[in-house]
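The block underneath contains the structure these notes are about, expressed in structure tokens.
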Amino acid sequence: MCGIVGYTGYRKVIEVLFNGLTNLEYRGYDSAGIAVRDENEIKIYKSLGKLINLKNEVERCKSQIKNPTSGIGHIRWATHGSPSLINAHPHTCSCGKLAVVHNGIIENYKALREELIQQGCVFRSQTDTETIAHLVALEYSKVKDLEEAVRNSVKRLQGAYAICVMHKDVPDVIVGARKHAPMLIGVGEGENFIASDTPAVIEYTKKTIYLEDNEIALVTKNNVKITDINGNIVNKKVEVLPWEPVALSKLGYKHFMLKEIHEQPDVIRNVLNGKLYDIDEAIKLNEVKIDKEKLKDLNKIEIIACGTSLNAALVGKYLIEDFAGISVEVEASSEYIYRKTTTNSSTLVIGVSQSGETADTITAIKQAKEKKSHVLIITNRPDSNMARLADSLIPLNAGIEVSVAATKSYSAQLISFYLLAIYLAEIKNSLNKEYLKNLKHELIQLPTKMEEILSNTSNIQECARKFSSYKNFIYIARGINLSSAYEGALKLKEISYINATGYPAGELKHGPIAMLDETMPVLSILIPGGICYEKILSNSEEAKARNAKLIALTSSEDENIKNLFDFVIKIPSISEILSPALTCVPLQLLAYYIAEFLGKDVDQPRNLAKSVTVE
Ligand code: M6R
């Protein structure tokens, strides 16, 4: 979604803004713009589409640009008003002295707009953001203090915002404010940054201050002042980012997605680190801040998430019910928030999110907190809004994920659920000791098995080549791998725009079989020894009888598989219960290679954003 970066300091301002925006590009956007203070003027440049267009625009205008000393930049993902030059940020007031960039949605913008038009403001765009520009400019004309003008203005805004404001008459000052949208300060020496997310500043500084809701930051090159909505100074902690700038490099891979798929074995080692190191020892999960005696009596868990995180949650449900016998409901956050739930103070509510910024999940978590539930957050961003709402926090430690299509965060979420489910089972003493030992042993082996798949992907590439021209796919599975089918199909849809549906294999004959013919391949996930192995084979036969081309994803050595299926993707032998953590890898690779083969923009698929910060 939208991204913001602001800078004031000694470096080349335009270069810093472009670097910051480039590092936010992965979030998905449709237009971009910058405003720089240059020769006592605010100069604004905008373009539609990718940042390269904005760079070209700035290059075209370079004779007008002398020596900018501060600036703000924005990438926009349209919400109010179509993607267009006029709607791209920064926005200005009627006289053009002020520039503002904004992430979020101002819910009362229509009423404010009417009011401002009555007062003589001239609106140019259809955006909610332009309201902020006029509002702050009017306030500034009264109070002659930019920080105060922003404070007075945001008091009138309803909805979500992270904003940065510059004014021609206040040289090299950037004022930022936030509510329900992330914003941070990058602290430097003789320079300071302001941004909506850490990648925008990480190339320059690892020192950050996170703004909280209703806080206002006044940023100059030598100073950062944070105040609350009433103007009281707030003393903030300077935190040090755990990431190196190299996290934002492709390290020789063609795409971030491919790099992130290949990082998964190490990600899993990271997740297991310190929690599982000896099969004879109990899982250590100090992150769960609920008394063990209370956990013994826990009888209801709700897991809330969206997209890929929702698919990981389905595996979590299966595991917790299977290992610990605790009943688990899984629900899409966007559904949870608009119905009467039975959540109460004895429910453990788990929120799962790579970004920790997904608006639907944040709203759902807030509702659960109002009902006094204990909230456990599983996220890759311990610095996120969602993490701040957590009573217990399990960080994924997967490292920054740049590709819009989630891969390594998914496998890290799965492993976190394995650990949590075993932890609960050990507290409840609900699993046989030998079974537990084998499970832990297999978990420790998992990264090596993944490496085996990743060391030779030629067969998967061949499958991608053979099947890339099909327009529709069905992925079938049963039991714990059903979510693997959902996730594999989601990956294919997201990056190749091919219609793919995950389906319970047993449901095929209750409807979808009607669509099967030679134009719709069926991919079956088959784990020998699994409860439904034979049944899925029969379901595949049924598809074959309708002329569908069949792909098997399996660890089976059975020669008959080769006769039945048109293509076989092999994975190392693994127990069914652990297999989702392995089947995800070839499915990610298959989606990747199909998209790559079709020449799609793999890391930044159309219409998608990395963190969906609007409902
Ligand atoms: O950051 P989150 O995990 O909360 O994001 C949820 C979904 O938006 C996300 O998983 C989305 O489906 C991805 N594009 C998946 O690849």
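Atoms within each ligand, like the ligands themselves, are counted from 1 in listed order. All residue numbers refer to positions in the sequence shown, counting from 1.
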Heavy-atom gap Val404 to ligand 1 smaller than 4.0 Å: yes
Would you say Lys491 contacts ligand 1, with heavy atoms under 4.0 Å as the rule? yes
Asn87 (side chain) donor-acceptor with Ser82 (main chain) under 3.5 angstrom: yes
Contact atoms of ligand 1, heavy-atom distance to [X] under 4.0 Å:
X	result
Ala405	16 (O)
Ser353	1 (O), 2 (P), 3 (O), 4 (O)
Ser309	2 (P), 3 (O), 10 (O)

Closest protein heavy atom (residue, atom, distance) for [atom]:
atom	result
atom 4 (O) of ligand 1	Thr358 OG1, 2.4 Å
atom 15 (C) of ligand 1	Thr308 OG1, 3.0 Å
atom 1 (O) of ligand 1	Ser355 OG, 2.7 Å
atom 14 (N) of ligand 1	Glu494 OE2, 2.5 Å
atom 6 (C) of ligand 1	Cys306 O, 3.3 Å
atom 8 (O) of ligand 1	Val612 CG2, 4.0 Å

Report the distance from atom CD of Glu302 to atom OG of Ser327, rounding to the nearest 0.5 Å. 9.0 Å
Side chains of Ser353 and Arg381: do they bring a donor and an acceptor to under 3.5 Å?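 No, because no side-chain N or O of Ser353 sits under 3.5 Å from a partner of the opposite role on Arg381.
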List the steps, then state whether salt bridge (Lys or Arg N to Asp or Glu O under 4.0 Å) holds for Asp213 with Arg178. CA-CA 5 Å; Asp213 280 353; Arg178 68 153 272 183; 2.5 Å; yes
Pick from Lys491, Lys408, Gln264: which one makes a side chain to side chain donor-acceptor pair (under 3.5 Å) with Gln588?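 One option only clears the test, and that one is Gln264.
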Parallel, tilted or perpendicular: ring planes of Tyr204 versus Phe193, cut at 30 and 60 degrees: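 Taking Phe193 first and then Tyr204, their aromatic rings lie parallel (interplane angle under 30°).
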Output yes when Glu596 and Lys600 qualify as a salt bridge under the 4.0 Å nitrogen-oxygen rule, no when they do not. no
So, Glu215 and Lys236, do they make that salt bridge, N to O below 4.0 Å?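 Yes, charged N to carboxylate O under 4.0 Å.
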Within the structure, does Ala406 bring an N/O atom to less than 3.5 angstrom of an N/O atom in ligand 1?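 Right, the criterion is met.
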